[in-house]
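Read through the structure below, which is laid out as structure tokens, and then see the notes.
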Amino acid sequence: MRDLKERVFVALSLAATLAGILFLSILIIDVVMDGASRLSWDFLTSFPSRRPGKAGILSPLVGSAWIMILTALFSFPVGVGAGIYLEEYAGKNRFTWLIEVNIANLAGVPSIIYGLLGLGLFVRALALERSVLSGALTLTLLVLPIIIMSTREALRTVPFSIREASYALGATRWQTIIRQVLPAALPGILTGTILAMSRAVGETAPLITIGALTYIAFLPTWPITFTGSFPFVEFSLQGLFDPFTVLPIQIFNWVSRPQKGFYTNAAAAIIVLLIFTILLNSLAIYLRYRYQKRMRW
Amino acid sequence: MKAQRFIIFLILAASILFPLKAEAKRRLVKVDGSSTVFPITEAVAEEFQAAKRGKVMVTVGISGTGGGFKKFCRGETDVSDASRPIKPTEVELCRKNGIEYIELPVAYDGIAVVVNPGNNWVDYLTVKELKKIWEPSAQGRVTKWNQIRPEWPDKEIHLYGPGVDSGTYDYFTEAIVGKEGASRGDFTASEDDNVLVQGVSTDPLALGFFGFAYYEENRDKLKLVPIDDGNDSNGKGPILPTPETVNNGTYQPLSRPLFIYVNKKAAKRPEVRDFVRFYLREGRELVREVGYIPLPDKAYELALKRFEKGITGSVFAGKGSQVGVRIEDLLKIEE
């Protein structure tokens, strides 16, 4: 009898696991069947066009990459810093409690609200216009609560004995955190951050709200250009202030067009977006694996 | 070793923070607004950029007609795409910010009324019948085909239409029910017209409406219904929407003009001026290609004249959608 219960439970668990995978495979197979024929180097390196057969995803692809990298640059230090402060330094008082409640709430705020905030704060009040920078800052706000929470979770998994051992050997708090606690928590922090990034890469609503474009046939200015004269390289921040579009907006636009060709294009763009997300997630798994192996106490 | 790395880092940081060369400003035309007008503007922008050999860039957004006007009236865009004329509140907003605009019609969009191809009883519908089906009081009452015409079958009627946020819905209710935004609520609504096509093509009892372009791309799956507006002066009897009947104004009242609004101050910049001229001159070919219906040639000439003269304001006197007007007539009044 006890044996039977266990077997039923295992079967149910397996079914639960397979259900998710099954639906994901159906989705992927469907999209690949619709869009695979359209995937080509040309598709990746052409600008959008009114002719479905000629249209490509260069500007949304590059826009998504810009937004992703900047969002990571902004949100990682701030999010991890806030997480460390709350977990390691902050005392248990009303102020900390208030911050904690707020962060937990912010994680549940619908993304379009962040878009409205971004429109009011970055686009209008700070006059950054509808630029790559506004988009990245808006998404930074969106993912910050997730990063802070996963940083705290990761710090909590570091056994307290490690900290005590470090103090016992005469290390200061700073030394303990930077040399012991943080490296041990890093795999968890990185995983959380990258998962937050893969959420951000699929966001459309906040970016449409702040005024990301739909048709754009040029790229943000490249930050580094090589020139013929000394010092042979030029750096430019102009790209931060250039207008942009991202993959989900392009997909959304193509899906709603009447011509069949655009439907195929949308499917192909979805494949690219999926690959983008899968790459990010594999990076998370790889980093976790690598850092975990290094950890020896 | 450590010091070396630090110095390299400093140089990199400095060169990123202080760009050596000020970037040459791009010549940019900023367009935003209706997603209905988007395909036309996208096509024109593509050809215009090709013609200018990359010297001028055009960006197009889809904030919707209302969202587009909000940005336009703050001076954030040069041109605004609109699937309806500017509304009084938007006129007021523009006036407050000192934005003067030139209103230019660029194309017609027909609204197609369709049924499933298996439907062998509907031969045509009158505007009165459509009103009887769609008006708010029909909710829960008009549910069978034989309530519309007694000889039609005693079967349920399934309604499909665009979501209430769309300009197509606004125009349809204004034209059929007589009041913008007033309709029954018990119909299958979707913001994505492709979903409506799917619905009507698989449901033998369906009746739906959406943009003409979506019918054209799915002819084999849908049956188009001719519409009789009961007014013989613009074509006798029921009329099918075709590029011709929409263009010559006989498919009434379900064809509507689409517009661009140009900021008068921005129109002084050569790139904006060239873009608008290109739009009105070369646009009519592209309009057909992306599934809309060009205006009569005369209307483009009048619009171009209006632009060159810099006549500001709306021929609709800021009243919003008007039904059954011919665009040339309106433009002529202003001359």
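Proteins get letters first, then strands, A, B, ... in listed order; numbering begins at 1 in each.
Neither the backbone nor the side chain of D193(B) comes within less than 4.5 Å of any heavy atom of chain A. Neither the backbone nor the side chain of S190(B) comes within contact range of chain A; no heavy atoms are under 4.5 Å apart. Contacts between V197(B) and chain A at a heavy-atom distance below 4.5 Å are absent for every atom of the residue. In this structure, chain A has a heavy atom under 4.5 Å from the side chain of Q49(B), while its backbone stays farther away. Only the side chain of F38(B) has a heavy atom closer than 4.5 Å to any heavy atom of chain A. Residue R257(A) touches chain B through both its backbone and its side chain, counting heavy-atom pairs closer than 4.5 Å. There is no contact between I40(B) and chain A, counting heavy-atom distances below 4.5 Å. In this structure, no portion of E191(B) lies under 4.5 Å from any heavy atom of chain A. Of the atoms belonging to F252(A), it is side-chain heavy atoms, and not backbone ones, that fall under 4.5 Å from chain B.
Each of P39(B), A213(B), S35(B) has some count of heavy-atom pairs under 4.5 Å with chain A, and the biggest count is that of P39(B). For the set E76(B), E216(B), R74(B), K30(B), the count of heavy-atom pairs under 4.5 angstrom toward chain A peaks at R74(B).
Ionic pairing of R50(A) and E42(B) is not present here: no N-O contact between side-chain nitrogen and carboxylate oxygen is shorter than 4.0 angstrom.
In this structure, the side chain of R51(A) does not engage the main chain of A55(A) through any donor-acceptor pair within 3.5 Å.
In this structure, the ring of Y261(B) has its center less than 6.0 angstrom from the ring center of F69(B).
Annotation for E47(B): atom CD counts as buried by contact number, over 12 foreign heavy atoms lying within 6.0 Å.
No hydrogens or angles considered: nothing links the side chains of T245(A) and S59(A) as a donor-acceptor pair under 3.5 Å. A donor-acceptor contact under 3.5 angstrom links the side chains of S63(B) and K71(B), judged on distance only.
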Exercise. Going through the distances and angles, do K221(B) and N116(B) end up as a side chain to side chain donor-acceptor pair (under 3.5 Å)?
Worked result: CA-CA 7 Å; K221(B) 290 191 242 163; N116(B) 187 278; over 6 Å; no
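Closest of all the heavy-atom pairs between G239(A) and W66(A) is CA-CH2, 3.9 Å.
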